[in-house]
Asker: 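Handing you a structure now.
We name chains A, B, ... by the order of the sequence lines, and we start the count at 1 in each one. Any value given below was found using the heavy atoms of this structure, including those in side chains, with hydrogens, waters and symmetry copies removed.
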Protein chains: 2
Amino acid sequence: MSHLTLALDAMGGDHGPSITVPAAVQALQSHPNLHIQLFGQEQKLSYALNQISLGDLEDRIQIVHAPDVVDMRDKPSYALRHRRESSMRLALNAVSDGAADACVSAGNTGALMSMAKFVLKTLPGIERPALVAALPTQVGKKVHMLDLGANINCDSETLFQFAQMGHVLVQQVEGIERPRVALLNIGEEETKGNDQIKQTAQLLQECDDIHFVGYIEGRDIFTGNVDVVVCDGFVGNVCLKTCEGVSEFIIKEFKQRFKPKGWMRLILPFVLPTLSRMMKGMNPDQYNGASLLGLRGIVVKSHGNADLKAFRHAIDEAVIEMERQVPKRIKDQLEAALLDKHS
Amino acid sequence: MSHLTLALDAMGGDHGPSITVPAAVQALQSHPNLHIQLFGQEQKLSYALNQISLGDLEDRIQIVHAPDVVDMRDKPSYALRHRRESSMRLALNAVSDGAADACVSAGNTGALMSMAKFVLKTLPGIERPALVAALPTQVGKKVHMLDLGANINCDSETLFQFAQMGHVLVQQVEGIERPRVALLNIGEEETKGNDQIKQTAQLLQECDDIHFVGYIEGRDIFTGNVDVVVCDGFVGNVCLKTCEGVSEFIIKEFKQRFKPKGWMRLILPFVLPTLSRMMKGMNPDQYNGASLLGLRGIVVKSHGNADLKAFRHAIDEAVIEMERQVPKRIKDQLEAALLDKHS
């Protein structure tokens, strides 16, 4: 088994090293071929590492000092110009230099997007990276959705690339040979939607590589009938945040309705944990990590507020993407499609 | 109390007169000033009416024969050209002629939009009617959202009009003097969003009449912090359908998780009805009816699959809009804003 090296922005997120360092150690325990470079302020990281008995994991974890940290309130342009010595930037540099195979960060999303694009560059033909995450479905399998907010205005060519990238990701990460790819629209009929969507549908219909199953509506995302949902970043972001909003609403409303009801409130302790667990799936950027696709390297974004388990999920996602060499596969897919077009 | 006359497309929806007629009779019982004209095939409507003991309600309900029915599969353009003798069309004609004050239909949405626009015409300055419905919030109050799918591409002027119409609707229907109006976006910061959204924000900031509270994200729709959420029809439709999808997912997933768990399955009968009731709120077009705003008349759309209670909701909504003369108020608001602009 080949070595995999992960560059971890250990300062990112609301909780910093108190979460990122223990999560890194846990990940080393589960993945024997994994090496981790912790980027951040040496003193803080040493302190956090010293709290944990490492044993023979010590050989596979290393601190790389980064004097600066990207603030959650930094604008992307500011972070790009002024945070060149930050843990986030140096972790990305490590991927770019070939010292690491992937980067995981729970820091400022906008800054991570800009820096990743600047440092790693996008794959040939890709304008901007896309943000992708997995949502739960009624049949237990996951559905991957992109873009979730990186690209606000998308033409049909960009949406088509999202479909290609999503197709490859699901093939590699979920092991599904012919992922079913759908376009998010406001109706299933061919006449529905705006021009970009109709044009994208045509591009997908003409592409033999991709198993395009047509349009789906918002309500069909969770049925398990499709594996990849493609949309522009505005719609994707609103959709994802709406899922989060609905889940929060349900938990609060449920408590409110049962609390005052005499003996019925006794049900709450049995029901709420299950409901909460279900709801976490509706909050994928918070609980599973979201990947940036279309870069010449692997970058996984964990939520700023991620707990140990959530940050572990993000690391696990990065490990799978490293093992399956997702960026290379996407590059191959894009090149094959380009050849097809010109042949 | 002045008389209100409702033109009811009694043939629309999956269940036709078996739902629409009893719902109409119930509405007459609750609203003593209401008169209803039932549009549809006379024989079927008479049969349905004969099943109910009307007593002195008989004076306030009347059948108007319409030989044809709009099919759920009719394209809007087809319905407009070929369904001139349909129950939907004749009901709209009655509003246009002044014989009725509002129309309620559970028929084909696209056909209803096109016919309503053609027959009733939009208010001066309005290009296309918008579809609006109410969603539940964590604090018990409702939040009104528009557009939900009638207008796919919206410039800032159109979004601004949605804000004005939503403002008036909530003022009149919910009795809130200064409704808090928000724009749906992918972040709360001023720099977020596309050009249309930024331009709309500027128009709203300059408009003294409207209490614009800024951008909100998808997750904030249900917090109860705003009364009106404005977005284009594509985003609104995806957002609404996603709410429906999440609710369906939750109900099914919840059953799956509790069913196999020994005595825990005994909890299901206590929990599921509450959960289902909550979820119905997430499906407003199905359970409450959606209004078409911006027309020179009141049109409320009930879901094709509406049951008796849901269809009653749609009638009640129409009654409130008639009592408050919503189209006239919207017209006044648009004219006042236009005067402001030129003064």
Asker: Grab the two heavy atoms, one from A:Cys239 and one from B:Thr242, that are nearest each other, plus how far apart they are.
Answerer: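 Distance-wise, the nearest heavy atoms are SG-OG1, 3.2 Å.
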
Asker: Examine whether an atom of B:Ile152 lies under 4.5 Å from a heavy atom of chain A, and if so say whether it belongs to the side chain, the backbone or both; otherwise answer neither.
Answerer: side chain

Asker: Determine the option with the most heavy-atom pairs under 4.5 angstrom with chain B, choosing from A:Gln138, A:Lys75, A:Glu253.
Answerer: A:Gln138

Asker: Any idea which heavy atoms bring A:Cys243 and B:Val246 closest together, and the distance?
Answerer: SG-CG2, 3.8 Å

Asker: With chain A, which of B:Asn185, B:Asp220, B:Ile221 has the greatest number of heavy-atom pairs at distances under 4.5 Å?
Answerer: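 Winner by heavy-atom pair count: B:Asn185.
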
Asker: In terms of heavy-atom pairs under 4.5 Å, which option from B:Ile250, B:Asp232, B:Asp195 contacts chain A the most?
Answerer: B:Ile250

Asker: Side chain, backbone, both or neither: which part of B:Leu184 has an atom under 4.5 Å from a heavy atom of chain A?
Answerer: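 Interface part for B:Leu184: both.
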
Asker: Kindly check if the number of other-residue, nucleotide or ligand heavy atoms within 6.0 Å of CD (B:Gln256) is above 12?
Answerer: yes

Asker: Do A:Phe249 and B:Thr223 touch side chain to side chain, with heavy atoms closer than 4.5 Å?
Answerer: no

Asker: If I measure from the heavy atoms of chain A, does B:Asn153 come under 4.5 Å with its side chain, its backbone, both, or neither?
Answerer: side chain

Asker: State which residues pass salt bridge (Lys or Arg N to Asp or Glu O under 4.0 Å) with A:Lys141; sequence neighbours excluded, sorted by chain then number.
Answerer: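 If we apply the salt bridge (Lys or Arg N to Asp or Glu O under 4.0 Å) test to A:Lys141, skipping adjacent residues, the hits are A:Asp227.
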
Asker: Tell me whether B:Lys198 at atom NZ has more than 12 heavy atoms from other residues, nucleotides or ligands lying less than 6.0 Å away.
Answerer: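 Atom NZ in B:Lys198 is packed in, count exceeds 12.
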
Asker: Please enumerate all residues that pass salt bridge (Lys or Arg N to Asp or Glu O under 4.0 Å) together with B:Arg83, with sequence neighbours excluded.
Answerer: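 Salt bridge (Lys or Arg N to Asp or Glu O under 4.0 Å) list for B:Arg83, sorted by chain: B:Asp68, B:Asp74.
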
Asker: Evaluate the criterion side chain to side chain contact (heavy atoms under 4.5 Å, CB included) for residue pair B:Glu217 and A:Asn237; output intermediate values, then yes/no.
Answerer: CA-CA 9 Å; B:Glu217 294 189 83; A:Asn237 188 278; 4.2 Å; yes

Asker: Please round to the nearest 0.5 Å and tell me the distance separating atom CZ of A:Arg219 and atom NZ of B:Lys241.
Answerer: 7.5 Å

Asker: For B:Thr137, which atoms come within 4.5 Å of any heavy atom of chain A: side chain, backbone, both, or neither?
Answerer: backbone

Asker: Working to the nearest 0.5 angstrom, can you tell me the gap between B:Phe254 CZ and A:Phe254 CZ?
Answerer: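 The CZ atom of A:Phe254 is 5.0 Å from CZ of B:Phe254, to the nearest 0.5 Å.
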
